[in-house]
Q: 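Dropping a structure here in structure tokens format, bear with me for questions.
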Amino acid sequence: AAAAADAARQLRDRASETGNRQHQAWALRCLALCALRRGEAAEAIRHVRGALEALGETAAINERIPTLGILALAQLRDSQAWSARATAKEALPQLARVRRPLGHGSLEGYSGLTTVALDGWREERSPDWQRAVKECLRVLRRYRSSFAIGEPRYYLYLGDYRRLSGSLAAARRSYRRGKAAAIRRG
């Protein structure tokens, strides 16, 4: 994790020197993820907000969705559930436009949105959140078709969805498939 944070800081500094806003956003997103791994959600929020600022009003959904997903997850981990859900609601309509994931780095953002959608559905039990979870799972299913690294995460969230739906046997099968995929991929 320390090596990833160092690499991200170097990329951020170099991108600041060259004025490359996309690389700045990538670096800040990585720093946010590193902060989340350390349990520092408030720091993650600061980094990901900087990433959004660097992106500006870009229409590139392959940049906005992962960034908003990480922000929503950081807000949820910082006990800001309502803010997390509002951020997720901003990203979810864009998620419907994803036909085929374009970059492997979007997994963390998709996962963040799925976590927040599952939390929203668990807490509110609204059909809107259930639809959001299903949309997230659709994108994760397509992601794993393009990037095998997404298979374990897809089955983890599918298991969570099935468990919350009351299908415990199906949830266990999903968790087993996810664990087997993770072991296969090291």
Side-chain angles (χ1 to χ4, degrees), residues 1-119 136 139-140 142-154 156-157 182 185-186:
D6 287 341
R9 279 190 288 275
Q10 290 174 19
L11 176 60
R12 180 200 57 202
D13 295 346
R14 180 70 180 133
S16 293
E17 290 172 11
T18 63
N20 188 324
R21 297 173 68 78
Q22 184 179 42
H23 289 177
Q24 288 173 354
W26 291 349
L28 290 166
R29 247 186 2 223
C30 183
L31 288 170
L33 289 170
C34 290
L36 281 172
R37 298 287 190 277
R38 292 190 309 268
E40 299 170 355
E43 182 179 342
I45 291 169
R46 185 175 55 80
H47 287 306
V48 80
R49 284 199 172 130
L52 284 168
E53 186 178 315
L55 287 173
E57 292 301 317
T58 182
I61 62 172
N62 60 320
E63 293 294 337
R64 289 202 65 77
I65 293 171
T67 307
L68 289 170
I70 293 167
L71 176 59
L73 179 62
Q75 290 167 325
L76 186 65
R77 296 241 175 103
D78 197 41
S79 301
Q80 299 177 33
W82 292 109
S83 294
R85 291 179 192 144
T87 300
K89 285 179 182 178
E90 181 182 343
L92 286 165
Q94 298 172 48
L95 196 64
R97 294 175 32 210
V98 174
R99 298 292 172 241
R100 182 172 173 221
L102 299 174
H104 65 84
S106 56
L107 178 61
E108 296 301 328
Y110 295 155
S111 296
L113 284 176
T114 308
T115 298
V116 173
L118 282 162
D119 181 73
C136 290
V139 170
L140 285 169
R142 288 193 176 176
Y143 180 95
R144 77 182 176 115
S145 297
S146 298
F147 304 102
I149 192 73
E151 188 173 10
R153 198 88 54 103
Y154 168 73
L156 169 66
Y157 290 123
R185 300 206 178 355

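Basis for what follows: all heavy atoms, side chains included, without hydrogens, waters or symmetry-related copies.
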Q: Take Arg21 and Leu55 through the side-chain contact (heavy atoms from CB on, under 4.5 Å) test and state the conclusion after the steps.
A: CA-CA 6 Å; Arg21 297 173 68 78; Leu55 287 173; over 6 Å; no
Q: Let me confirm one number: the CZ-OH distance from Arg153 to Tyr110, rounded to the nearest 0.5 Å.
A: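 Between atom CZ of Arg153 and atom OH of Tyr110 there are 13.0 Å.
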Q: Applying side-chain contact (heavy atoms from CB on, under 4.5 Å), run through Cys136 and Leu92 and close with a yes or a no.
A: CA-CA 8 Å; Cys136 290; Leu92 286 165; 3.8 Å; yes
Q: Just how far is it from atom NZ of Lys89 to atom CG of Leu68, taken to the nearest 0.5 Å?
A: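 CG of Leu68 is found 14.5 Å from NZ of Lys89.
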Q: Decide, yes or no, whether a salt bridge links Arg29 with Glu108 under the criterion of side-chain N to carboxylate O below 4.0 Å.
A: no
Q: May I ask you to check whether Gln75 and Trp82 show a side-chain donor-acceptor distance below 3.5 Å?
A: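 Trp82 and Gln75 do not have a side-chain donor-acceptor pair below 3.5 Å.
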Q: From Ile70 CD1 over to Leu33 CG, what is the distance, rounded to the nearest 0.5 angstrom?
A: 4.0 Å
Q: Tell me the closest heavy-atom pair linking Ala15 and His23, and the distance in Å.
A: CB-CB, 3.6 Å
Q: Return the CZ to SG distance between Arg9 and Cys30, rounded to the nearest 0.5 Å.
A: 9.5 Å
Q: Which distance, rounded to the nearest 0.5 Å, do you find between the CG of Leu107 and the OG of Ser146?
A: 12.0 Å
Q: Between Ala44 and Ala74, which heavy-atom pair has the shortest distance, and what is it?
A: CB-CB, 3.9 Å
Q: More than 12 foreign heavy atoms under 6.0 Å from CD of Gln22: is that the case here?
A: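 Result for CD/Gln22: enclosed.
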Q: Which pair of heavy atoms, one from Ala72 and one from Ala88, lies closest together, and at what distance?
A: CB-N, 4.1 Å
Q: Check Val48 against Thr67 and note the closest heavy-atom contact, atom names and distance.
A: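 So the minimum-distance heavy-atom pair works out to CG2-O, 3.4 Å.
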Q: Counting only N and O atoms by type, is there a donor-acceptor contact under 3.5 Å from the side chain of Gln94 to the main-chain atoms of Glu90?
A: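 Side chain of Gln94 to backbone of Glu90: a pair is present.
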Q: Could you grab the distance from atom CG of Leu73 to atom CD1 of Ile45, nearest 0.5 Å is fine?
A: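 One finds 9.5 Å between CG of Leu73 and CD1 of Ile45.
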Q: What heavy-atom pair brings Ser106 and Tyr143 nearest, and what distance separates the two atoms?
A: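 Minimum heavy-atom separation between Ser106 and Tyr143: OG-CE1, 3.6 Å.
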Q: Give the intermediate values and the outcome of side-chain contact (heavy atoms from CB on, under 4.5 Å) for residues Asn20 and Arg14.
A: CA-CA 8 Å; Asn20 188 324; Arg14 180 70 180 133; over 6 Å; no
Q: In terms of heavy-atom contacts, does CZ of Arg185 have more than 12 from other residues, nucleotides or ligands at under 6.0 Å?
A: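 Yes, CZ of Arg185 has more than 12 neighbouring heavy atoms, counting only those of other groups under 6.0 Å.
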